[in-house]
Amino acid sequence: MSTPPVPSSSDALPRLLLLLSATTGLVDAASVLGLGKVFTANMTGNVVFLGFAAAGTSGFRFAPALLALAAFMMGAWGAGKLGRAQSARPLGQWLMRAALTEAALLWVAAAIATTIDVAAQAPEPAVLAVIALTGFAMGLRNATIRQLKVPDLTTTVLTLTITGIAADQTGRTTPNFLRRFGAVLAIFAGATVGALLLRLGGLACPLALAGLIVLGATFAFLRSPVAAAPHGK
């Protein structure tokens with residue numbers, strides 16, 4: 001049974017999704033810059049990287065991209081089951097359970113990341129574990145947000161958002177421009193901060209901050225009246 005759109009009478013949900021968008025930048029900074037050439041939040045990038053690996057391009061490997069894809073799909077599968085099981089419960093309760101799971105996965109990944117030598121990409125089991133944990137977390141996130149059906153705020157990809165900014169421009173206005181631009185800016189800011197944190201503090205820093213933002217932002221959302229509405233029927 002399909003899930004109806006969440007009530008849009010409050011700005012609380014878009015604010016939450018913008019903050020979650022920023023964590024995508026943090027996670028992708030950690031994965032692309034700290035775990036070799038692999039995305040754990042953006043699966044389009046991994047499919048492209050697999051194509052590069054298939055062509056024998058130096059620096060691109062099958063295993064990390066395939067692991068990220070598999071973990072992401074498992075996380076999405078889990079989020080689908082969680083959303084259906086929580087359909088009669090308040091929106092905030094469902095999102096909080098998803099956020100607790102995502103934050104826990106990111107923090108475990110951060111703990112493992114403290115053992116990784118980024119330059120050497122070693123030990124390999126630790127690198128693969130972080131890829132799997134963050135991929136699962138972001139698959140869980142992506143599938144959860146997909147069920148909310150909030151336009152222009154998927155929190156993990158920007159292609160359609162950027163397309164909308166250009167294609168929907170009529171005269172001097174663009175529908176939802178501030179929301180769309182905010183999504184672009186949030187992921188840009190997250191990626192910038194993530195790259196700086198990785199360089200200055202190590203691989204664990206952007207992952208730990210991402211988990212903190214996910215949990216803190218979702219907890220703040222619980223104060224909104226819309227959080228008490230059931231998210232499905």
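Just so you know, these numbers come straight off a predicted model, no measurement behind them.
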With rounding to the nearest 0.5 Å, note down the distance linking [atom1] in [X] to [atom2] in [Y].
X      : Y      : atom1 : atom2 : result
Leu158 : Ser21  : CG    : OG    : 7.5 Å
Leu153 : Thr161 : CG    : OG1   : 7.0 Å
Asn142 : Thr156 : CG    : OG1   : 3.5 Å
Leu16  : Ile213 : CG    : CD1   : 11.5 Å
Ile116 : Leu35  : CD1   : CG    : 6.0 Å
Leu133 : Leu128 : CG    : CG    : 11.0 Å

If you take all heavy atoms of [X] and [Y], which pair is closest and at what distance?
X      : Y      : answer
Ala204 : Ala110 : CB-O, 3.2 Å
Leu18  : Ala186 : O-CB, 3.4 Å
Val130 : Ala109 : CG2-O, 3.6 Å
Val226 : Leu91  : O-CD2, 3.8 Å
Ala30  : Leu203 : O-CD1, 3.5 Å
Ala53  : Phe60  : CB-O, 3.7 Å

Fill in: Short N-O contact, Asp152 and Arg180, less than 4.0 angstrom
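Yes, charged N to carboxylate O under 4.0 Å.
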
Under a 3.5 Å distance rule, please check whether [X] uses its side chain to pair with a backbone N or O of [Y] as donor and acceptor.
X      : Y      : value
Ser31  : Asp28  : yes
Arg179 : Pro151 : yes
Ser87  : Gly83  : no
Asn46  : Phe39  : yes

Would you say the side chain of [Y] lies within less than 4.5 Å of the side chain of [X], judging by non-hydrogen atoms?
X      : Y      : value
Leu140 : Thr101 : yes
Thr154 : Val157 : yes
Leu209 : Leu197 : yes
Leu148 : Trp94  : yes

Linking I/L/V/M/F/W/Y whenever any side-chain heavy atoms sit under 4.5 Å apart, do [X] and [Y] land together?
X      : Y      : value
Val27  : Met43  : yes
Leu105 : Met74  : yes
Leu82  : Val150 : yes
Leu66  : Met138 : yes
Val118 : Ile112 : yes

Discussion item. Would Lys37 and Phe49 count as a cation-pi pair here, with the cationic atom under 6.0 angstrom from the ring centre and within 45° of the axis?
Written reply: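 Relative to the ring axis of Phe49, which defines the angle, Lys37 lies outside at least one limit.
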
Worksheet item: Taking it one step at a time, do Leu69 and Leu50 satisfy side chain to side chain contact (heavy atoms under 4.5 Å, CB included)?
Response: CA-CA 10 Å; Leu69 281 165; Leu50 283 171; 3.4 Å; yes

Worksheet entry | Stepwise side chain to side chain contact (heavy atoms under 4.5 Å, CB included) test for Trp107 and Leu207 | CA-CA 7 Å; Trp107 285 338; Leu207 297 174; over 6 Å; no

Fill in: Thr23 versus Arg141, side-chain donor and acceptor atoms under 3.5 Å
yes

Practice prompt. Please test Leu95 against Leu13 for side chain to side chain contact (heavy atoms under 4.5 Å, CB included), starting from the C-alpha separation and ending with a verdict.
Written response: CA-CA 11 Å; Leu95 293 181; Leu13 188 56; 4.2 Å; yes

Worksheet item: What do you reckon, is CD of Gln121 surrounded by more than 12 foreign heavy atoms closer than 6.0 Å?
Response: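 Yes, CD of Gln121 has more than 12 neighbouring heavy atoms, counting only those of other groups under 6.0 Å.
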
Discussion item. Please determine whether the number of non-hydrogen atoms from other residues, nucleotides or ligands lying under 6.0 Å from atom CZ of Arg61 exceeds 12.
Written reply: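 Atom CZ in Arg61 is not crowded, with 12 or fewer foreign heavy atoms closer than 6.0 Å.
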
Practice prompt. I would like to know whether Met96 and Phe221 meet side chain to side chain contact (heavy atoms under 4.5 Å, CB included); could you show each step before the answer?
Written response: CA-CA 9 Å; Met96 196 65 196; Phe221 172 73; over 6 Å; no

